[in-house]
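Shown next, in structure tokens, is the structure this report addresses.
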Amino acid sequence: MKSQLKIYNTLAREKQVFEPLVPGHVGFYVCGPTVYSDVHLGNCRTFICFDVVHRYLVKLGYKVRYVRNITDVGHLVDDQDDGEDKIAKKAKVMELEPMEVVQHYTNGFHEMMEIFNCNKPNIEPSATGHIIEQIEMVQQILDKGFAYESNGSVYFDVKKFSESYPYGELSGRVLDDLRSGTRELDGQSEKRDSLDFAIWKAASDEHIMRWNSPWGEGFPGWHLECSVMSQKYLGETFDIHGGGMDLKFPHHECEIAQSVASYGTSPVRYWMHTNMVTVNGEKMGKSNGNSIMPAELFSGDHPLLTKGYSPMALRFFILQSHYSSNFDISNDALQASEKGYQRLMNSYKVLHELEYASNGSGIDAAEEKEIQDLCEKCYDRMNDDFNTAETIAVLFDMSKKINSFKEKHIPISSISEDTFQLLKATFTEFVRDVLGLKEETTGDNGLTDELIGFILEMRNASRERKDWATSDQIRDKLTELKIQVKDGKEGVSWTVG
RNA sequence: GACUCCGUGGCGAACUGGGAACGCUCGUGUCUGCAAAACACGUAUGAGUCGGUUCGAUUCCGACCGGAGUCUCCA
């Protein structure tokens, strides 16, 4: 009997047993990037974590509809009335058509997701592709009386809304506290209340991104696209909504308010939030100027790094901590993770080269049970709010077993063939399918394999002649080239790194 | 100021009301021509500080100290 999946629901502030709305199916929405700049490692962490969530849900047998949006309009530089659209601003700076900016950074984002081995969502809707639906939602909210028009813009009436429904439940905000924290509106403002937010924004004359609407030419407000697109593809209520912690307020709070205002029900059953990536203890943010970009990580071309690290090493590093914890990036930590990742993948390789053989010496019941327990633990740990850190710890315990089988410290015949196959399947599926880790190849169509195989043959020949000078010279040179030679009982093997 | 969260070995990082995982590092041993790898064993008598609850707390409660996040755009 396997344990049940539990998810820490940020709305309820507790771990809850996951029960999908429709048995066997999961509606899963993740807030994607605003495509006006390159993604940094903080962005990547969130998407990698939710990639694992998605992968595990699939592993559990759910039919998952995974929606991750692209925000390509509406995200203002600030919340002032003269706030500029982020995409439009970048377009001006780069002297490009706004959609060129969008396409450029969307491509870059997709490329990174591919490099980090993240599965593609089932639907990746963009805000500009859903202008009509957004206008409809604005109209619905107006019809319900929870919004008002002002100079061609439409604002969500937070005060009015809060008289009928709770506002601030997700982020734990109290309206009066919020209001006291904001500065007074000047006479120029179109808003009735400082807490109101734009759901439709009138376009000024020079604004390039504009659409016709019942309120004149304009563009949709930032929070609206997620409400509209999640509703369109997952329904008025769906199972899981994920995003970074920094989106909790105001973005997700506003999403809830918009959905409740337009059709009366809270949209999400389980809210999940990933914690922030920090550098020297400070949040990595686009506006903080401390971003580390994936390219800098790979090349090592960054003041904080002494060398480059591979995409999979970073992925492994990220998964070694829980998604809800702060995650500090440092060179030392990366280095430790890189080693660990290599160790794990080495066991992965060893496991696939292992063959079961019975020698009739009988099965060791304790060993048998230990292996079976480890396999079950993988599920237990992941079921506990996707605890990848603990899952990896179990996989390392399995690694020891795998290596012991290989080195014949434990005879492989001490477990049954069924248990061996269980170990093989579980280890493989958790490393490859759930955590999404893969072996990093040199991508040269096996030429390296052939070459090194040949060189090692030559070395073996000199070893048989006891010509240690030559064999050591070959080994030292290979080591210099970052190729590690391992002389085992069953012959020689090698790994890069 | 308000609201959250965190403070665990040399480093990273989990879990837990009753033996402090796992990875890296370091040490010893087995293996090996040697080395590496692998395996085995060891490495925090202690979990920011001070109180309280408890037979018993790192784990629950309170205070304090330190750090972070959100309250404005951010994954």
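For the numbers below, each heavy atom of this structure counts, side chains included, while hydrogens, waters and symmetry mates do not. Numbered from 1 within each chain, the chains take letters A, B, ... in sequence-line order.
At a threshold of 4.0 angstrom between heavy atoms, the contacts of A:Met276 include nucleobase atoms, whether or not backbone atoms are also involved. Among the protein residues, A:Asp472 comes within range of the nucleic acid bases, having at least one heavy atom under 4.0 Å from a base atom. A:Asn403 comes within contact range of the sugar-phosphate backbone alone, with a heavy-atom separation under 4.0 Å but no base atom that close. Nucleic acid contact class of A:His322 (heavy atoms, under 4.0 Å, all strands): sugar-phosphate only.
In this structure, CD of A:Gln342 is placed 14 Å from C1' of B:A36, rounded to the nearest angstrom. A:Leu334 places its CG atom 17 Å from the P atom of B:C11, with the value rounded to the nearest Å. Per the geometry, CD1 belonging to A:Ile329 stands 15 Å off C1' belonging to B:A13, to the nearest Å. To the nearest angstrom, P of B:A35 lies 14 Å from CZ of A:Arg459.
With hydrogens and angles left out, the side chain of A:Arg475 and the base of B:A35 share a donor-acceptor pair within 3.5 Å. With hydrogens and angles ignored, no donor-acceptor pair closer than 3.5 Å exists between the side chain of A:Ser404 and the base of B:C39.
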Output a table of nitrogen or oxygen pairs between the protein and nucleotides 23-27 of chain B separated by less than 3.5 Å.
from  : atom 1 : to       : atom 2 : distance (Å)
B:G23 : OP1    : A:Arg343 : NH2    : 3.2
B:C24 : OP1    : A:Arg343 : NE     : 3.3
B:U25 : OP1    : A:Lys339 : NZ     : 2.9

Would you tabulate the nitrogen or oxygen pairs shorter than 3.5 Å linking the protein to nucleotides 59-62 of chain B?
none

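Close to B:C5, at under 4.0 Å from its OP1 or OP2, lies no side-chain N or O of A:Asn326.
A:Ser3 and A:Asp380 share a donor-acceptor pair across their side chains, judged by distance under 3.5 Å alone.
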For a quick test of your reading: what N or O donor-acceptor pairs under 3.5 Å do the side chains of residues 347-354 of chain A make, sequence neighbours left out?
from     : atom 1 : to       : atom 2 : distance (Å)
A:Ser347 : OG     : A:Arg343 : O      : 3.2
A:Ser347 : OG     : A:Ser399 : OG     : 3.1
A:Lys349 : NZ     : A:Trp494 : O      : 3.4
A:His352 : NE2    : A:Thr428 : OG1    : 3.0

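Partners of A:Glu124 according to the side chain to side chain contact (heavy atoms under 4.5 Å, CB included) rule, which considers only residues two or more places apart in sequence or in another chain, are A:Arg68, A:Ile70, A:Phe109, A:His110, A:Pro121. Take A:Ser291 and apply the side-chain hydrogen bond (donor to acceptor under 3.5 Å, both in side chains) test, not counting sequence neighbours, and it matches A:His40. Scored by the side-chain hydrogen bond (donor to acceptor under 3.5 Å, both in side chains) test, A:Thr388 finds no partners at all (sequence neighbours excluded).
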